[in-house]
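Worksheet: the structure to be examined is printed underneath.
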Amino acid sequence: MDSRKPIEERRKWEELDTNILEKIFGSISVYDRITKVCLVCRSWKLVSLDSVFWGQTNLQLDLTPCIDVLKRVESAHSSFVFENIAELHWYYERLSVTLMKILHRILMDGQDAFGFPLEHWRLSVKTIFIPKKLAIWDRHLSYLADRTPNVESLVLICTSTKLMITSGGFGKAVSTWKKMKHIRFEFSGANEKSFTEIFKEICRNCSQLVTLHVNCRLLYLGADITRGYSYKSTEIGDSET
């Protein structure tokens, strides 16, 4: 920026070349890119999100970067003693709202930093990866399904303390994902009833399902049971268990 030029003729920071901005932001933490750089101006927001999410070339939406943001919320309350259910609910609600704000940024309308319609990117996403340490609720899964209707593969890895999805919420999401072909679950601490209901929703809504892999530790009558399931269909009506 040339300080000798009149202010109105000087080039603004937001007008820097997109590729240069992307290289600069690459040296900044994911947390700062999602929560701070995004708030500077629209062009910086687009480049930041592109460097973390949209720039993936494998047609996959990996939500792992969201963990860094939620960890900050969790650490801010690590020493807090919850004295009642209301306080605990408030804490989880704050985590939920924070994640939803991130999803709104990732799956927004408009164009990316290079001028390409974000709708094309959203519609091209084929795989969604939800990592182990990410607390996901019905509202998040439903929003993901509404914004990425062409998803064919879902990977959900979590523990019971991070799994806030009900069978009804899961059913609503997979009914939107009409092209779902592959589902992979890995979770621990789920109860037998919840596990069974989720399976029923898969049977009701995933008519094009090709593979189903489940690895879980169930809580049943006070016992901790480890189970693994896999299903593969080579043709409609022809399956292996």
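Ring geometry for Tyr92 against Trp137 counts as tilted: the plane angle lies between 30° and 60°, on a 0 to 90° scale.
Summarising the geometry, atom CD belonging to Gln111 is positioned 8.0 Å from atom CG belonging to Leu118; distances are rounded to the nearest 0.5 Å. Summarising the geometry, atom CG belonging to Asp50 is positioned 5.0 Å from atom CD belonging to Glu22; distances are rounded to the nearest 0.5 Å. Atom NE2 in His104 sits 10.5 Å away from atom CD1 in Ile106 (nearest 0.5 Å). The distance from the CZ atom of Phe53 to the CD1 atom of Ile102 is 7.0 Å, given to the nearest 0.5 Å. Going from atom CZ of Phe170 over to atom CG of Leu154 covers 6.0 Å, rounded to the nearest 0.5 Å. Rounded to the nearest 0.5 Å, atoms CD1 (Ile183) and SG (Cys206) are 4.0 Å apart.
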List the steps, then state whether side chain to side chain contact (heavy atoms under 4.5 Å, CB included) holds for Ser153 with Lys126. CA-CA 6 Å; Ser153 179; Lys126 299 299 182 184; over 6 Å; no
Evaluate the side chain to side chain contact (heavy atoms under 4.5 Å, CB included) criterion for residues Leu63 and Leu103: first the C-alpha distance (whole Å), next the side-chain angles of each, then the deciding distance (0.1 Å), finally the verdict. CA-CA 9 Å; Leu63 297 181; Leu103 294 180; 4.0 Å; yes
Chi angles and distances behind the side chain to side chain contact (heavy atoms under 4.5 Å, CB included) call for Leu156, Ile136: CA-CA 10 Å; Leu156 178 57; Ile136 191 89; 4.2 Å; yes
Please test Leu95 against Leu99 for side chain to side chain contact (heavy atoms under 4.5 Å, CB included), starting from the C-alpha separation and ending with a verdict. CA-CA 6 Å; Leu95 289 175; Leu99 178 56; over 6 Å; no
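With hydrophobic clusters built from ILVMFWY side chains whose heavy atoms lie under 4.5 angstrom apart, Leu70 does not share a cluster with Val97. Both Ile20 and Trp44 are assigned to one and the same hydrophobic cluster, defined by single-linkage of ILVMFWY side chains at heavy-atom distances under 4.5 Å. No chain of hydrophobic side-chain contacts below 4.5 Å, direct or via other Ile, Leu, Val, Met, Phe, Trp or Tyr residues, connects Leu123 to Phe116.
Of all heavy-atom pairs between Trp177 and Thr148, the closest is NE1-O, 2.8 Å. Closest heavy-atom contact between Thr176 and Ala145: CG2-O, 3.4 Å. Here the closest heavy-atom approach between residue Leu107 and residue Trp121 is recorded as CD2-CZ3, 3.6 Å. Across every non-hydrogen atom of Asp109 and Arg147, the tightest pair is OD1-NH2, 2.9 Å.
Side-chain contact check for Arg42 versus Leu46: some heavy-atom pair is nearer than 4.5 Å. A heavy-atom distance below 4.5 Å is not found between the side chains of Val174 and Leu141. Side-chain contact check for Gln208 versus Met180: every heavy-atom pair is 4.5 Å or farther apart. Residues Ile198 and Ile202 are in side-chain contact: their nearest non-hydrogen atoms beyond the backbone lie under 4.5 Å apart.
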Please output the side-chain donor-acceptor pairs of residues 32-41 that fall under 3.5 Å, not counting sequence neighbours, one pair per line with the distance.
unit_1: Asp32; atom_1: OD1; unit_2: Lys36; atom_2: NZ; d: 3.4
unit_1: Asp32; atom_1: OD2; unit_2: Ser29; atom_2: OG; d: 3.2
unit_1: Arg33; atom_1: NE; unit_2: Phe25; atom_2: O; d: 3.2
unit_1: Arg33; atom_1: NE; unit_2: Ile28; atom_2: O; d: 3.1
unit_1: Arg33; atom_1: NH1; unit_2: Ser51; atom_2: OG; d: 3.1
unit_1: Arg33; atom_1: NH2; unit_2: Ile28; atom_2: O; d: 3.2
unit_1: Thr35; atom_1: OG1; unit_2: Tyr31; atom_2: O; d: 2.7

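Listed by chain and residue number, Glu197 satisfy the salt bridge (charged side-chain N to carboxylate O under 4.0 Å, His left out) test with Lys200 (two or more places apart in sequence, or in another chain). Applying the salt bridge (charged side-chain N to carboxylate O under 4.0 Å, His left out) rule to Arg105 yields no partners; only residues at least two apart in sequence or on another chain are considered. When the side-chain hydrogen bond (donor to acceptor under 3.5 Å, both in side chains) test is applied to Ser175, no partner is found at least two apart in sequence or on another chain. Every residue meeting the salt bridge (charged side-chain N to carboxylate O under 4.0 Å, His left out) condition with Glu93, not counting sequence neighbours, appears here in chain and number order: Arg139.
Between the side chain of Trp54 and the main chain of Arg122, no donor-acceptor pair closer than 3.5 Å is present. Looking at Asn205, its side chain does come within 3.5 Å of a backbone N or O of Glu201 through a donor-acceptor pair. Counting only distance, with no hydrogens or angles, the side chain of Thr98 and the backbone of Arg94 share a donor-acceptor pair below 3.5 Å. Judged by distance alone, with hydrogens and angles left aside, the side-chain atoms of Ser142 form no donor-acceptor pair with the main-chain N or O of Asp138 at under 3.5 Å.
Judged as a salt bridge (Lys or Arg N to Asp or Glu O under 4.0 Å), the pairs with a partner in residues 165-185 (not counting sequence neighbours) are, in order, Arg184-Glu186.
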